[in-house]
Amino acid sequence: MSDSNVRVRFAPSPTGPLHMGGVRTALYNYLFAKKLGGKFILRLEDTDQTRFVGGAEKYIIESLKWCGISPDEGVSVGGPHEPYRQSERKPMYRAYAEELIEKGLAYYAFDTSEELDAVRERAKQAGNANFQYNHITRNSMKNSLTLPAEEVQKRLESGEPYTIRIKLPRNEEVKFEDMVRGWVSVNTANMDDKILLKADGMPTYHLANIVDDHTMEITHVIRGEEWLPSAPLHVIMYQFFGWEAPTFAHLPLLLRPDGNGKLSKRDGDRLGFPVFPLNWNNEETGETASGYRERGFFADAFINMLAFLGWNPGDNRELFTLEELVEEFSISKVSKSGARFDFEKAKWYNQQYLRKFSDAELAEMLLPVLEEKGIAAPGSNTLERIVALVKERAVFVSDIYDEGSFLFSAPTEYDEKSVSKKWKGAESVEIVNDLIARYENEEFTASNLEASFKAYLNEKGVGFGQAGPVLRIAVVGTMTGPSIFEMMEVLGKEESLNRMRKTVQDLG
RNA sequence: GGCCCGUUCGUCUAGCGGUCCAGGACAUCGCCCUUUCACGGCGAAGAUCACGGGUUCGAAUCCCGUACGGGUCACCA
């Protein structure tokens, strides 16, 4: 990894759990930085005190950790630009806003929220869909541009609440080259004088963002497309401060699988899949949401899947670990259009990763699943053999149990369909009894059991299609599953025969 | 509604002027394997490259327009 001054940041707002779109943004930032030998910084944009949600910060840190996206600097790890929480940086922002006022590039505004609401309402009724506080309307508002200097001074000294707004030029083309979108251009005539410093003394996103990115020496700003409309404002702010602007990259949005619009936090459980990396429980509100980790996803698979929602290496390869993604990632290959999320594909990724593990590793991972279900785990040797038999049909580790539950404990009921289709009363009872008698003195290996079974078929003149399902029902209660003889070998003689005897009783 | 961004199989996408009557993956369907189910293998179906004009010997690829979709218009980020 070469020396590099590339510095990127992921700057979420702790207003709730981080959703997968956010994780992807973090991931692309991380990949971009690591690929170029740069630094990945985690900053918290908590300037809105009214929307702060307890536990969100911890959730964000844990999520990134689970994903393997580790910050080089930031709230969780510290660094040379501490603090990394904007609320803790509050004192520094005002000076920057005032610097702009001194330069004549910003002004004090005394309009209250209520007054602003009223103006907007009036504009709406006059047929003007949206009121903008801009180079025209600011002349009829209460601010340091319209009020006499003495009155401004008086208001400021009296402690009257005020905001600081940027003073945008009247008609200027703002251009910047976005790494994924190319040249983007907007005229200031279509922009408004955004508030930089709020009445509570906190900076808005725009101010805090620019000041922090500059002071933290951020070189590339990689964020979601929802920020594209405010990027020109940020470009102007860099000009106003006389700072070099970072390079921007606006990522395409993650779209909902159904209907229109971007994937939102509420879509998740409604559509049957998680939108969050981890389970979320807000103890204050009782709000809960499910996460990929608890759903049984491997972090690698989750990351791999996420990386491919809007990016690909340009060839047919699809399976990449985080390290491999770092190696291959290129922001120029990020697509411009939104990606509709598909849970089926997500599961496919997990299945691919599950298969990379050995039987022993999967057995180990299955242990906690069994414990949670209250299932007594067999010895590790038996467990591994069960894993070997069932793993091809599993997408998640827990599927190994779900698909082979009858290998852990005797079935408590018989699959109705199988029984009605293949169980022929006395005839079947006879077959099972014959097999019990036969197997009692046999060595219990799959090959032996199968050979003996076939010999029985011959003697009896019965077809496999008739007796096979009967044996299967007698041992595992259903017609599906791995090879019956393999299963019997794993189950062992005593268990297998007991189950057969019980079936004769139950279905006899 | 204003502004900005986007538009290749159902979905994710490859493609950056000729190798494309468009390739891969997921999903779907069929066959084979397995005397079960799944896995796996093979194959099929599926995109007039949103539409209309240009530019060019030649366009999915460049330009313009239209349509549609999305984002954004807060003292939220």
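The chains referred to below are lettered A, B, ... by the order of the sequence lines, with proteins before strands, and numbering in each begins at 1. The structure presented is a predicted model; accordingly, all values stated were derived computationally and were not measured.
Spacing between atom CG of A:L309 and atom P of B:rA14 amounts to 12 Å, rounded to whole angstrom units. Going from atom NZ of A:K347 over to atom C1' of B:rA25 covers 16 Å, rounded to whole Å. A straight line from NZ of A:K124 to C1' of B:rG2 spans 15 Å, rounded to a whole angstrom.
Both distances falling under 3.5 Å, in either a Watson-Crick or a G-U wobble arrangement, place B:rA25 opposite B:rU11. In this structure, B:rU72 forms a base pair with B:rG2, meeting either the Watson-Crick or the G-U wobble geometry with both donor-acceptor distances under 3.5 Å. As the counterpart of B:rU66, B:rA50 is assigned, both hydrogen-bonding distances of the Watson-Crick or G-U wobble pattern falling under 3.5 Å. The partner of B:rU36, taking Watson-Crick or G-U wobble pairs whose two distances both stay under 3.5 Å, does not exist in any strand shown. In this entry B:rU56 has no Watson-Crick or G-U wobble partner, no candidate having both defining distances under 3.5 Å.
For A:T480, the side-chain atoms get nearest to B:rU36 when compared with the rest of B:rA77, B:rU36, B:rG6. Residue A:F464 has its side chain nearest to B:rU35 when only B:rG40, B:rU35, B:rG2 are considered. Considering only the side chain of A:V186, B:rC4 comes nearest among B:rC4, B:rU13, B:rG15. For A:S483, counting side-chain heavy atoms from C-beta on, the closest listed nucleotide (B:rA77, B:rU36, B:rA38) is B:rU36. The side chain of A:D48 sits closest to B:rC76 out of B:rC76, B:rG6, B:rA25. Here B:rC39 is the nucleotide among B:rC39, B:rC26, B:rA77 with the atom lying nearest to any side-chain atom of A:Q351.
Heavy atoms of A:S418 sit nowhere under 4.0 angstrom from any nucleic acid atom. In this structure, A:F308 reaches the sugar-phosphate backbone alone: every heavy-atom distance under 4.0 Å involves primed, P, OP1 or OP2 atoms, never a base.
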Nucleotide-resolved protein contact map, nucleotides 59-75 of chain B, B/S/- at heavy-atom distance under 4.0 Å: -----------SSSBSB
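Of the C1' atoms belonging to B:rG6 and B:rA27, the separation is 25 Å, rounded to the nearest Å.
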Throw together a table of side-chain donor-acceptor distances under 3.5 angstrom for residues 474-485 of chain A, partners on residues two or more places apart or in other chains.
unit_1: A:S483; atom_1: OG; unit_2: A:F485; atom_2: N; d: 3.4
unit_1: A:S483; atom_1: OG; unit_2: A:E486; atom_2: N; d: 3.3

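Under 4.0 Å is where a charged nitrogen must lie from a carboxylate oxygen, and between A:E328 and A:R317 at least one such pair does.
Across residues 16-23 of chain A, not one residue has a non-hydrogen atom less than 4.0 Å from an atom of RNA chain B.
Residue A:N312 places none of its side-chain N or O atoms closer than 4.0 Å to OP1 or OP2 of B:rU13.
By the 30° and 60° cut-offs, the orientation of the rings of A:Y292 relative to A:F297 is perpendicular.
Checking A:D193 against A:Y107 by side-chain atom types alone, a donor-acceptor pair falls below 3.5 Å.
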